[in-house]
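For reference, the structure discussed in these notes is given below.
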Protein chains: 2
Amino acid sequence: MSNAKVLPLLEPADQGVAPCCPPLTERPMTAEEAETAARMFKALGDPVRLRLFSSVASHEGGEACVCDISDVGVSQPTVSHHLKKLKEAGLLSSERRGTWVYYRVEPSVLAAMGKLLTTTAAAA
Amino acid sequence: MSNAKVLPLLEPADQGVAPCCPPLTERPMTAEEAETAARMFKALGDPVRLRLFSSVASHEGGEACVCDISDVGVSQPTVSHHLKKLKEAGLLSSERRGTWVYYRVEPSVLAAMGKLLTTTAAAA
DNA sequence: CGTCTATGTTGACATACGTCGAACTAAACG
DNA sequence: CGTTTAGTTCGACGTATGTCAACATAGACG
């Protein structure tokens, strides 16, 4: 099978910490950091993807079957396309169990993005 | 607890404050919420914009002249174009003072996006 | 086996996007 | 005035993106 290309910023040892970059307000990002972080923001920069991601993330256990979240107003292939994008961005992972395919959030990535947006400006 | 501030998921007010939506992990976003939030994520979904925004956000006072942040590897019209996009997304505001134009971050928007990505405290 | 259901993939299309150079506006300065 | 510096807007170009219908694949089930 063709392995999905996942963001290289996430090592299994980095779970729980910010793997990508310092907060946006700390210092100007380098080109490389921006390249990496932009990929994550871009993945959430589409309404359909955002709804899909939110549906998965808010589902119990942070995991949901495709059949439970595909009611977002677009065709089924489009849903599959967007889920693939989210997977390629490292935000979701998928697993087939019998008939259905389950998608799950990558909590470390969510935490990384949250840290990017932490307002350190309050210290000033 | 102090959820009195997070409760209003009203329309994105035009006052600069953008408490658009609850955390992504709280419940599936509505189409309207996703539209609003995706616009912000999309604005940060470009490496150049991310660097520009980070440069402004990390500058003293959360404010910077265009001339101080335009060294991002693209032409000056492109810088202007991206700054306009960030402004349209509500992430930055601009003001002309004499010869130079200063851009400043909208801290409320930054906080709103941070809240969107608040770590999955409930997704256990 | 055949068939049904659940997802993924492919190909095509229209639109959006990032980029640049050139032309334009705005302020300072002589 | 004219010139210089700072920044925006315009027009054009190539590429990326979102979308769908059609087809393909993977289990389940008889």
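Heavy atoms only: backbone and side chains are in, while hydrogens, waters and symmetry mates are out. Numbers restart at 1 for each chain; the letters A, B, ... are given by sequence-line order, proteins then strands.
Looking at heavy atoms from C-beta onward, A:L91 lies out of side-chain contact with A:R49 at the 4.5 angstrom threshold. For the pair A:L116/A:F41, a side-chain contact is recorded, criterion being any heavy-atom separation below 4.5 Å from C-beta on.
In this structure, B:L50 atom CG and C:dG18 atom P are separated by 13 Å, rounded to whole Å. The NZ-P distance, from A:K84 to D:dT17, rounds to 13 Å in whole Å. The CG-C1' distance, from B:L86 to D:dT8, rounds to 15 Å in whole Å. At whole-Å resolution of the value, CH2 in A:W100 and P in C:dC4 are 18 Å apart. The distance between atom NZ of B:K85 and atom P of C:dA16, rounded to the nearest whole Å, is 10 Å. At whole-Å resolution of the value, CD in A:E88 and P in D:dT17 are 10 Å apart. C:dT19 atom C1' lies 15 Å from atom CG of B:L83, rounded to whole Å. Per the geometry, CZ belonging to B:R49 stands 8 Å off C1' belonging to C:dC17, to the nearest Å.
For the pair B:Y103 and D:dT8, the criterion of a side-chain N or O lying under 4.0 Å from OP1 or OP2 is met. Residue A:K42 has no polar side-chain atom (N or O) positioned under 4.0 Å from OP1 or OP2 of D:dA16.
The shortest non-hydrogen separation linking B:A37 to A:L50 is CB-CD2, 3.5 Å. Scanning all heavy atoms of the two residues, the minimum distance from B:H82 to B:V48 falls at CD2-CG1, 3.5 Å.
Distances from the side chain of B:V66 to the nucleotides D:dG7, C:dT7, D:dT19 place D:dG7 closest.
Residue pairs meeting the side-chain hydrogen bond (donor to acceptor under 3.5 Å, both in side chains) criterion with at least one member in residues 69-78 of chain B, sequence neighbours excluded, are B:S75-B:T78.
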Contact letters for nucleotides 20-30 of chain C, in which S counts primed atoms plus P, OP1 and OP2 and B counts the base, heavy atoms under 4.0 Å: BBB---SSS--
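A donor-acceptor pair under 3.5 Å links the side-chain atoms of B:T118 to the main chain of B:K115, judged by distance alone.
A salt bridge is defined here as a Lys NZ or Arg NE, NH1 or NH2 lying under 4.0 Å from an Asp or Glu carboxylate O, and B:R104 with B:E95 fails to meet this definition.
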